[in-house]
Amino acid sequence: DVLTRIRHSGGIAGDRGGQSPSDREYFAYNAIGELVGKQERSSTVHEYRYDSLGRQFYDDVRYFAPAQGSTPGVDQTVARQTIGFDAFGRPAEFKSHDLNNARTVATVRRSFDAYGNIAVETQEHLTFNAAGNLSSTIQSSEVRYNHTLVNGLPRLTSIDYPAVDGDSYSVQYTYDS
């Protein structure tokens, strides 16, 4: 069995939740059960694609929800997301593409440690001027995932985030025995 529709109920007394098209999400699958399409509550439609190993590598917005009354439409800055895999099959590069799919507007890259855990993640954001020419590239600092071996197995102990306004921070993980 596959999920083909979600009907959301309203939260207001007397509301006929699930009666409006905006209260529903729809899902479509291929013959082997992979999710190939989704219509969100906003009416935005996604198409998904998979490689020969069954890994999703593509999310393309086929239709953006328009503005309705005072409700703004869906932000159309990113229309496609693609995933690249490293030699070990791990998702290692995530790219966001603009509406015309002509330009990459953001890239996230991951590197892994010897145990296959994410070790470092970097982000790059590109901005373009009104003429469509590259106006700036913003390379963020690295996010570091720190692991410690416990009984021969790696355990996440902290994540170090880059400085924002001069202040960097770290999230620490503590485990019971």
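Every heavy atom of this structure was used, including side-chain atoms; hydrogens, water molecules and symmetry mates were not. A quick note: this is a predicted structure, and the numbers were derived from the prediction, not measured. We're numbering straight along the sequence, starting at 1.
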Flag yes if [X] and [Y] sit in one hydrophobic cluster, no otherwise; membership is Ile, Leu, Val, Met, Phe, Trp, Tyr, and two members link when side-chain heavy atoms are under 4.5 Å apart.
X	Y	answer
I118	Y161	yes
V2	V36	yes
V171	V143	yes
L126	V78	yes
L99	V61	yes

Go through the steps for S170 and Q172 under the test side chain to side chain donor-acceptor pair (under 3.5 Å), then give the verdict.
-> CA-CA 6 Å; S170 180; Q172 305 294 319; 2.7 Å; yes
Test your reading of the model: is there a side-chain donor-acceptor pair from [X] to the backbone of [Y], 3.5 Å cut-off?
X	Y	result
Y29	L3	yes
Y63	H46	no
N30	I32	yes
S42	T44	yes
Y26	V45	no

In this structure, which one of R103, Q76, R80 forms a side-chain hydrogen bond (donor to acceptor under 3.5 Å, both in side chains) with D98?
->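 Single side-chain hydrogen bond (donor to acceptor under 3.5 Å, both in side chains) partner of D98 among R103, Q76, R80: R103.
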Evaluate the criterion side chain to side chain donor-acceptor pair (under 3.5 Å) for residue pair H97 and T82; output intermediate values, then yes/no.
-> CA-CA 8 Å; H97 307 272; T82 56; 3.0 Å; yes
Just verifying a value: how many Å separate [X] [atom1] and [Y] [atom2], rounded to the nearest 0.5 Å?
X	Y	atom1	atom2	value
I83	F94	CD1	CZ	5.5 Å
N117	S111	CG	OG	11.5 Å
Y175	T148	OH	OG1	9.0 Å

Is it true that R5 and E25 have a side-chain N and a carboxylate O under 4.0 angstrom from each other?
->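 Salt bridge flag = no for E25 with R5.
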Take Y169 and D167, measure what side chain to side chain donor-acceptor pair (under 3.5 Å) needs, and give me the verdict at the end.
-> CA-CA 7 Å; Y169 65 97; D167 295 325; over 6 Å; no
Test S158 against N146 for side chain to side chain donor-acceptor pair (under 3.5 Å), laying out the working first.
-> CA-CA 5 Å; S158 67; N146 304 299; 2.9 Å; yes
F85 six-ring face occupied by R90 cation (under 6.0 Å, within 45°) =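 Not satisfied by the 6.0 Å and 45° rule.
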